Amino acid sequence: MSLNSKILVIYTGGTIGMMMNKETNALEPFPFEDIYVHLPMLRLVNAEISVKEMLPLIDSSDTTPEFWVRLATLIYDNYNDYDGFVVLHGTDTMAYTASALCFLLENLSKPVILTGSQLPLGVMRTDGRENILNSIEIAAAKKDGKPRVPEVCIYFEDSLFRGNRAYKDNAEHFNAFHSANYPKLAEVGVHIKYNDAFIRSVTDHSLKLHTKMDVNIAILKLYPGITKQAMQSVFNTEGLRAVILETFGSGNAPSKAEFISILEEAVNKGIVIVNVTQCKGGGTVEVGRYGASLLLKKIGVVSGHDITTEAAVAKLMYFLGEGFNNAEVKRYMGISLRGEITV
Ligand code: ASP
């Protein structure tokens with residue numbers, strides 16, 4: 001690790017810094033006044049560490065696009081003063097925040113590592129200690145003078161994931177995150193083994209901050225027996241611009257005319273519908289593999305490829321916030337902007 005790394009730790013809330021409220025017996029965030037009190041071993045790390053709290057501290061269930069913009073702005077404002085950033089964040093919506101940051105911070109060339117824990121730092125068996133220490137070490141790591149991992153990532157248990165590829169799939173185990181459609185960027189054991197071939201490279205362009213996200217989207221998860229009314233209640237939402245349609249398998253949906261016509265009507269009304277599969281592993285939309293997905297394509301539903309729902313939410317809000325028209329949104333959903341899809 002470089003002796004000269006400066007790392008900014010941004011504490012936003014989440015289990016990692018929570019303690020028990022004695023009256024309610026529920027976990028609530030508490031102010032993280034001195035990181036060295038909780039983690040005295042941080043003094044051994046060869047990096048200068050500063051901490052900023054993003055107030056109010058939140059349970060990440062309270063995350064909003066406005067919060068993402070504040071966090072991205074904080075990173076942007078401090079970008080030139082630090083070599084890397086570690087964001088302490090609740091695990092529940094960490095994958096959404098990681099996805100949002102990757103779009104809001106265009107041309108990012110420094111590590112932004114999100115981490116958290118399943119057990120609060122104050123608990124003896126906490127996983128937070130290792131998660132923070134390893135995240136800081138990765139954020140400070142350099143190769144040939146350049147940041148080792150210049151992208152938005154999630155670090156959890158012993159794995160570093162591309163932020164827009166990861167998702168939380170366990171509320172109990174310490175390995176709470178996975179990334180079924182993209183390899184881990186690094187694995188931590190005795191050594192930190194970087195998977196260089198899959199890590200994005202540093203760009204010469206300067207960092208550009210985006211600050212607009214349009215929340216006029218919805219997610220519609222298909223299930224056998226879904227009613228016309230349930231579907232229409234989503235598509236009739238006032239101001240709706242785009243819908244993530246969570247389909248079956250390789251992007252399939254019921255082929256009944258009644259079902260297809262609701263979607264077709266929505267597309268004709270100007271709502272962008274993106275086909276994202278409910279399958280996590282090997283989860284890519286393969287239009288045309290089955291007739292059921294071909295019908296969707298025919299009526300103008302666009303393929304989300306192997307994007308996660310979390311990244312699709314962030315990507316759509318970002319495109320719509322940027323003022324893209326429908327044709328642009330549809331076109332760019334098929335292009336990998338930050339490594340979020342395999343095309
Ligand atoms: N509810 C917490 C949060 O997401 C859970 C966690 O941090 O793991 O903020």
Side-chain angles (χ1 to χ4, degrees), residues 9-33 35 37-39 51-72 74-75 85-102 104 112-136 138-139 152-179 184 188 213 215 219 280 308-311 313-314 317:
V9 176
I10 302 173
Y11 173 47
T12 69
T15 295
I16 196 155
M18 284 193 184
M19 64 190 298
M20 196 71 83
N21 176 323
K22 294 206 176 92
E23 278 163 30
T24 60
N25 255 356
L27 286 168
E28 285 173 5
F30 74 99
F32 212 97
E33 265 130 28
I35 198 170
V37 171
H38 299 279
L39 296 167
V51 181
K52 282 189 201 285
E53 288 182 339
M54 221 179 88
L55 299 173
L57 300 173
I58 56 166
D59 181 301
S60 79
S61 319
D62 283 321
T63 297
T64 58
E66 183 268 333
F67 166 91
W68 294 334
V69 170
R70 277 201 299 131
L71 180 54
L74 185 60
I75 293 170
F85 301 83
V86 172
V87 178
L88 305 182
H89 191 288
T91 56
D92 290 348
T93 61
M94 191 184 286
Y96 289 93
T97 298
S99 298
L101 288 179
C102 82
L104 294 175
V112 173
I113 317 287
L114 284 88
T115 195
S117 66
Q118 296 284 53
L119 284 174
L121 269 184
V123 171
M124 199 178 71
R125 288 192 307 105
T126 184
D127 51 328
R129 198 170 31 236
E130 269 67 38
N131 285 348
I132 295 186
L133 290 169
N134 286 318
S135 296
I136 290 177
I138 291 168
V152 180
C153 304
I154 288 182
Y155 180 81
F156 226 80
E157 237 241 320
D158 56 3
S159 303
L160 184 74
F161 305 100
R162 173 165 295 162
N164 57 36
R165 294 292 198 143
Y167 48 87
K168 180 179 178 180
D169 67 354
N170 202 300
E172 163 72 19
H173 295 156
F174 287 155
N175 62 342
F177 286 84
H178 287 99
S179 159
K184 292 176 182 177
V188 175
M213 289 222 134
V215 294
I219 300 174
K280 295 284 190 195
T308 60
T309 296
E310 291 87 339
V313 165
M317 285 189 184

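In each ligand, atom 1 is the first atom listed, and ligand 1 is the first ligand listed. Quantities reported herein were computed from a predicted structural model and do not represent experimental measurements. As a basis for the values below, the full set of heavy atoms in this structure was taken, side chains included, without hydrogen atoms, waters or symmetry mates.
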Which atoms from ligand 1 have a heavy atom of [X] less than 4.0 Å away?
{"X": "Ser117", "value": "8 (O)"}
{"X": "Gly14", "value": "7 (O), 9 (O)"}
{"X": "Thr15", "value": "2 (C), 5 (C), 6 (C), 7 (O), 8 (O)"}

What heavy-atom pair brings [X] and [Y] nearest, and what distance separates the two atoms?
{"X": "Ala176", "Y": "Asn170", "result": "CB-O, 3.3 Å"}
{"X": "Ala166", "Y": "Ile154", "result": "CB-CD1, 4.0 Å"}
{"X": "Asn131", "Y": "Glu157", "result": "OD1-N, 3.1 Å"}
{"X": "Phe174", "Y": "Leu119", "result": "CZ-CD1, 3.8 Å"}

**Message:** Polar contacts were defined as any N/O atom of the residue lying under 3.5 Å from an N/O atom of the ligand; does this apply to Lys168 and ligand 1?
**Reply:**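 No, no N or O pair falls under 3.5 Å.
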query: Any N or O on Thr93 sitting closer than 3.5 Å to an N or O of ligand 1?
result: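 There is no such contact.
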*Please confirm whether Tyr96 and His89 have ring centers closer than 6.0 angstrom.*
no
Which residue supplies the protein heavy atom nearest to atom 1 (N) of ligand 1, what is that atom called, and how far is it?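 Residue, atom and distance for the closest contact: Asp92 OD2, 2.8 Å.
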heavy-atom search around atom 8 (O) of ligand 1 in the protein gives Thr91 OG1, 2.3 Å
*Flag the pair Asp92 and Lys168 as a salt bridge only when some basic side-chain nitrogen lies within less than 4.0 angstrom of an acidic carboxylate oxygen.*
yes
Note: heavy atom closest to atom 4 (O) of ligand 1, options Ser60, Pro120, Gly13, belongs to Ser60
